[in-house]
Amino acid sequence: MSPAPGMGHPGRDEGCLMSRYNSKETEAKWQAIWDQRGSFIATEDPGRPKYYVLEMFPYPSGRLHVGHARNYAIGDMVARYKRARGFNVLHPMGWDAFGLPAENAAIANKVHPADWTYQNIATMRDQLKTLGLAYDWTREIATCAPEYYRHEQKIFLDFLKAGLAYRKESWVNWDPVENTVLANEQVIDGRGWRSGAPVEKRKLNQWVLKITHYADELLDALTKLDRWPDKVRTMQEKWIGKSSGLRFTFDLMDDADKIEVFTTRPDTLFGASFVAVSPNHPLAARLAAGNPDLTAFISECNSIGTSEAAIETAEKLGFDTGLKAIHPFDETRTLPVYVANFVLMEYGTGAIFGCPAHDQRDLDFANKYRLPVLPVVVPEGTDPASFKVGTEAYTGPGVLRNSGFLDGLDVESAKREAIGRIEATGKGEGTTIYRLRDWGVSRQRYWGCPIPVIHCDACGIVPVPEQDLPVELPTDVSFDQPGNPLDHHPTWKHVACPTCSGEARRETDTFDTFFESSWYFARFCSPHETTTAFDRSAADYWLPVDQYIGGVEHAVLHLLYSRFFTRALKDCGYLSVAEPFEGLMTQGMVTHATYKDAQGQWLYPEEVEQRDGVPVRIDGGEPVEIGRLEKMSKSKKNVVGLEHIIDTYGADTMRLLLLSDSPPERDLEWTESGIDGAWRYVARVWRLITEPAVELAPAGSPQPAEISDKGQAARRIVHKTIDGFGDDVEKFRFNKAVARVRELTNALAELDGKGAGEGWVLREGYETLVKLIGPMMPHLGEELWQGLGHAELLTESPWPEADPALVVDESVVVAVQVNGKLRAQLPLPRDAAKEIAEEAALNDANVQRAMEGKPVRKLIYVPNRIVNVVI
RNA sequence: GCCCGCUUGGCGGAAUCGGUAGACGCAAGGGACUUAAAAUCCCUCGACCUUUGGUUGUGCCGGUUCGACUCCGGCAGCGGGCACCA
């Protein structure tokens with residue numbers, strides 16, 4: 001964007017008019033004043049109601065972009081508004097500073113992850129400060145600092161003691177060329193992103209947290225989170241995935257092994273036509289030992305990687321093991337046993353029976369391998385003989401057929417009956433399972449919090465003694481060889497066993513970075529406490545977070561882990577609350593088109609321009625491929641920086657733009673059209689208030705006895721705006737709040753101030769306007785507040801109160817419909833009686849024309865809204 | 001593939017409980033002011049028609065209702081998540 005030059009433009013200062021609003025100077029001035037006065041430093045005060053507002057802290061990826069700014073503009077609006085309403089507000093900011101990008105940068109640019117991270121933090125902190133956000137910067141934390149993660153290590157040891165952490169074999173993506181574990185993101189079409197080698201799955205012994213211990217609690221408590229969006233609660237509910245069903249074992253023909261399966265559809269057991277086990281099932285491993293074809297099949301399945309999305313979208317493949325499972329209700333029936341790539345070892349028992357007629361996945365599989373499809377549930381009233389299942393499974397309700405003793409039952413009764421019969425045979429039982437799995441927290445990476453345990457050949461796993469915490473990351477590491485630098489560090493991992501003093505090794509895995517973000521909100525209550533993770537009284541005062549704000553993309557993982565952590569911390573005696581976030585607002589993502597050059601490399605938007613309608617590189621003119629709209633992220637380079645917007649227009653203008661137009665929960669496609677409009681509004685408010693048409697009444701003067709009709713009308717608008725604005729902010733409808741304030745501005749601009757008392761009305765209106773825009777444009781607000789003759793800061797002034805008498809209109813416009821079509825609009829007194837409204841409606845000429853002389857069949861009157869004449 | 005959303009003028013969006021579709025802006029067009037421009041101000045702005053009025057219109061198809069952007073059923077397109085990106 002290149003701003004057009006001109007006198008009214010913020011980028012240019014002709015220096016000739018006092019009406020110029022200089023955003024740069026003004027914003028710096030007020031930021032310094034707030035800072036100097038410590039305006040936003042929070043202290044516990046039991047005498048005042050507290051309000052804890054938190055935006056999800058950022059990963060320090062390098063530069064702040066518009067997506068970050070949207071998040072913080074929303075949070076600051078809430079924080080400043082609540083503050084003006086008299087709350088003792090805690091509004092902190094910090095850095096989610098461990099993570100993979102720092103290591104990628106280390107490998108690509110030979111920078112140490114710590115240097116890279118701290119430099120990014122410094123840059124982003126500076127950028128953040130230019131936004132003028134009401135943060136208590138004294139509480140800033142960075143999760144990569146030992147002062148932070150030492151407490152995390154202690155928390156882990158307490159979880160270990162409480163039985164909430166244990167070791168478990170789990171699968172990872174293995175790059176056989178780089179000898180490195182790959183993140184799912186680093187696996188592209190089954191190959192390592194750098195080496196291009198086909199990925200393998202490997203089993204590693206890893207640390208796991210027992211989130212499933214809280215599965216029921218996490219599920220049940222969702223209903224109480226009434227200030228959370230329904231969609232997030234639904235997503236978590238589905239993620240936990242509580243389902244009841246039947247677990248039972250199949251006996252095999254000519255084989256001593258048994259296969260235990262879980263099903264949510266025991267009613268369809270008579271429709272079973274195969275049994276399938278996961279490629280990682282012990283039985284598959286046993287059979288593969290003597291079978292090179294099966295071994296090859298299993299390794300092919302494993303080349304898909306560990307990502308569930310990849311596994312589920314892959315073509316469904318099976319390998320017939322030749323084994324036959326015996327049907328539990330009919331010993332004469334046998335079912336072929338397959339190894340199938342769509343059966344997940346992590347869910348249920350890692351084995352299923354397939355009923356193709358009533359499960360789409362089973363049907364696809366059966367059609368591919370020519371297995372029988374036998375419908376056993378038939379919709380009520382359908383002839384069972386003619387009911388066929390083709391390419392679409394029938395999953396609806398119905399009556400059982402072809403099912404022996406279940407025939408004639410409905411689905412639910414048949415489930416109960418089938419479970420009862422299996423239980424009677426002793427082959428299995430009705431049970432409840434969860435989709436939720438325990439949380440694997442081990443990562444084979446350097447830039448994370450070291451897991452504080454020691455492996456001793458003699459004593460086994462020994463926790464690091466508390467007095468030896470923190471286990472600090474060594475700084476002298478090399479990324480020249482593949483794998484985890486901690487693992488090949490010459491000395492770091494070699495320690496004496498705390499128990500037997502013999503030679504032992506440190507755990508070289510580090511924690512998943514979701515570990516840090518699962519408790520940071522509580523750390524903000526006492527960020528500098530050295531002896532414990534939380535000062536109990538501070539945590540009791542501030543927690544839970546009253547309003548948490550962040551992207552929807554965190555709807556499940558981060559938010560569920562935090563809920564689990566808070567419960568676990570409570571059980572370990574750290575905290576008093578179980579739920580971390582009382583209110584949640586999930587903002588939509590800021591999206592932008594992505595660009596790729598001919599080599600398939602991502603390009604930044606500023607590297608691309610349109611020439612003759614064709615996108616090309618600015619520097620070489622080579623063609624550029626425009627990709628789809630995606631969430632702004634540094635990895636795809638579709639980020640838009642803030643600097644030049646703030647430089648040209650100021651932070652307030654950008655904040656206004658980010659809050660106008662799009663409602664916060666919706667995705668926002670970033671375009672710079674609109675920034676000029678936002679600036680025009682800033683300049684307009686500035687002119688309106690600094691150059692009033694008439695002299696304003698002095699600050700604090702009493703309401704005059706006489707006020708003109710126009711003045712009274714303006715006052716109604718002022719008070720209606722106060723009322724509606726507050727309501728909008730409470731409900732996160734910032735776009736509407738902005739629209740209201742613009743309407744107020746339009747109304748005040750139209751009042752010439754010459755009528756009786758209008759100088760007083762204008763002062764009331766201007767002061768209200770300034771107070772309302774304060775939470776979104778705080779610098780402009782302070783400057784105008786001062787200009788209106790106030791000595792105290794706007795930031796320290798109370799919110800305006802609406803006069804209830806001025807909020808309701810005396811007359812309303814009621815619409816009149818004839819057979820549902822609008823025919824007239826009638827001004828009527830508020831709450832007019834039914835008879836009056838109906839008479840007025842029927843007397844209207846246009847209504848009579850539409851009625852064509854026909855008699856009224858029915859009259860519907862909704863007071864203050866509508867009359868519908870049905871003829 | 002599974003789970004969760006979203007879809008309204010040229011564009012962002014408004015319509016809060018089923019009751020006047022398009023508030024408030026952006027862009028565009030026209031005009032005033034100006035030597036000229038910028039800035040500012042005024043007017044027009046869903047589509048169509050036989051224009052003091054009428055028809056039609058909220059992704060598509062169908063339903064419920066006196067009345068549907070809103071509720072129900074089906075479909076399409078777009079986006080998010082899927083456990084090692086954060």
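Predicted model only: the values in this text are computed from it and were never measured. A note on names: the letters A, B, ... follow the listed sequences, proteins ahead of strands, and every chain is numbered from 1.
Syn is the classification of B/G9, since its glycosidic angle stays within 90° of 0. Applying the 90° criterion around 0 to the glycosidic angle, B/C43 comes out anti. With its glycosidic angle more than 90° from 0, B/U65 is assigned anti.
Taking side-chain N and O atoms only, A/Asn746 has a distance below 4.0 Å to OP1 or OP2 of B/G25. Contact between the side-chain N/O atoms of A/Lys231 and the OP1/OP2 oxygens of B/G5 is not found at any separation under 4.0 Å. Distances shown here put a side-chain N or O of A/Ser662 below 4.0 Å from the OP1 or OP2 atom of B/G13. Within the structure, every side-chain polar atom (N or O) of A/Arg437 is placed at least 4.0 Å from both OP1 and OP2 of B/A83. Distances shorter than 4.0 Å separate some side-chain N or O of A/Asn735 from OP1 or OP2 on B/A14. The shortest distance between the side-chain N/O atoms of A/Arg823 and the OP1/OP2 oxygens of B/G54 is below 4.0 Å. When the side-chain nitrogen and oxygen atoms of A/Asn846 are compared with OP1 and OP2 of B/G54, one or more of them lie within a distance under 4.0 Å. OP1 or OP2 of B/U56 lies within a sub-4.0 Å distance of a side-chain N or O belonging to A/Lys821. In this model, the phosphate group of B/A14 is approached by a side-chain N or O of A/Arg666 to a distance below 4.0 Å at OP1 or OP2.
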Assess the residue pair A/Tyr649 and A/Asp676 against the criterion (side-chain hydrogen bond (donor to acceptor under 3.5 Å, both in side chains)); give the C-alpha distance rounded to whole Å, side-chain angles, the decisive distance to 0.1 Å, and a yes or no. CA-CA 9 Å; A/Tyr649 299 94; A/Asp676 281 311; 3.1 Å; yes
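Put simply, the side chain of A/Arg740 and the base of B/C24 share no donor and acceptor less than 3.5 Å apart. Side chain A/Asn184 to base B/C84: no donor-acceptor pair is found below 3.5 Å.
Judged purely by atom type and a 3.5 angstrom limit, A/Thr143 uses its side chain to pair as donor or acceptor with the backbone of A/Ala97.
Annotation for A/Ser170 and A/Gln206: closest pair OG-NE2, 3.5 Å, computed over non-hydrogen atoms.
If you take atom C1' in B/U7 and the same atom in B/U51, they sit 33 Å apart, rounded to whole Å. For the C1' atoms, the distance linking B/G57 with B/A47 amounts to 7 Å, nearest Å. Spacing between B/G9 and B/A14 at atom C1', rounded to whole Å, works out to 13 Å. Rounded to whole Å, the C1' atom of B/G10 lies 15 Å from the corresponding atom of B/U44. Between B/C41 and B/G53, the distance separating the two P atoms is 31 Å to the nearest Å. Remark: the separation of the P atoms in B/G13 and B/A23 is 15 Å, to the nearest Å. The same atom, C1', is picked in B/A37 and in B/A21; the two are 40 Å apart, to the nearest Å. Comparing the P positions of B/U58 and B/U8 gives an interatomic distance of 11 Å, to the nearest angstrom.
Among the heavy atoms of the strands lying under 4.0 Å from A/Glu743 are primed sugar atoms or P, OP1, OP2 only; no base atom is included. Within 4.0 Å (heavy atoms only), A/Ala555 reaches no atom of the nucleic acid at all. Heavy atoms of A/Val816 sit nowhere under 4.0 angstrom from any nucleic acid atom. Among the protein residues, A/Ile311 comes within range of no part of the nucleic acid, since none of its heavy atoms lies under 4.0 Å from any strand. Contacts of A/Gly440 with the nucleic acid, taken as non-hydrogen atoms under 4.0 Å apart, involve only primed sugar atoms and P, OP1 or OP2. Among the protein residues, A/Val232 comes within range of no part of the nucleic acid, since none of its heavy atoms lies under 4.0 Å from any strand. Residue-level contact check: A/Phe514 touches the bases, meaning some heavy atom is under 4.0 Å from a base atom. At a threshold of 4.0 angstrom between heavy atoms, the contacts of A/Met589 are confined to the sugar-phosphate backbone, with no base atom among them. As judged by a 4.0 angstrom heavy-atom cut-off over every strand, A/Glu315 is placed among residues making no nucleic acid contact. Heavy atoms of A/Arg680 sit under 4.0 angstrom from primed sugar atoms or phosphate atoms, though from no base atom. Here A/Val862 lies in heavy-atom contact (under 4.0 Å) with a base. Among the protein residues, A/Asn868 comes within range of the nucleic acid bases, having at least one heavy atom under 4.0 Å from a base atom.
No side-chain N or O of A/Asp175 forms a donor-acceptor pair with one of A/Trp193 less than 3.5 Å apart. In this structure, a donor-acceptor pair under 3.5 Å is present between the side chains of A/Arg684 and A/Asn746. Using modelled atom types and a 3.5 Å distance limit, the side chains of A/Asp364 and A/Gln360 yield a donor-acceptor pair. Side-chain N/O atoms of A/Asn120 and A/Ser61 include no donor and acceptor closer than 3.5 Å.
B/U7 is paired with B/A76 under the Watson-Crick or G-U wobble criterion, all donor-acceptor distances under 3.5 Å.
Of the residues near RNA chain B, A/Arg849 and A/Gln360, the one whose nearest nucleotide (by heavy atom distance) lies more toward the 5' end is A/Gln360. Ranked by how close their nearest RNA chain B nucleotide is to the 5' end, A/Trp439 and A/Val738 are led by A/Val738.
In this structure, the ring of A/Phe565 has its center less than 6.0 angstrom from the ring center of A/Phe515.
In this structure, A/Leu557 atom CG and B/A86 atom P are separated by 11 Å, rounded to whole Å. One interatomic measurement links the two molecules: CD of A/Glu308 to P of B/C82, which rounds to 10 Å at whole-angstrom precision. For the pair A/Leu822 CG and B/A15 P, the computed distance is 20 Å after rounding to whole Å. For the pair A/Asp661 CG and B/A27 C1', the interatomic distance rounds to 12 Å; values are reported in whole Å. Atom CD of A/Glu312 is separated from atom C1' of B/A83 by 13 Å (rounded to the nearest Å). Atom pair A/Arg742:CZ and B/G25:C1' shows a separation of 5 Å (rounding to whole Å applied). A/Gln848 has its CD atom 15 Å from the P atom of B/G53, to the nearest Å. Following rounding to the nearest Å, A/Glu553 (CD) and B/C6 (P) show an atom-to-atom distance of 17 Å.
In this structure, A/Lys720 pairs ionically with A/Asp809, as a charged nitrogen and a carboxylate oxygen lie closer than 4.0 Å.
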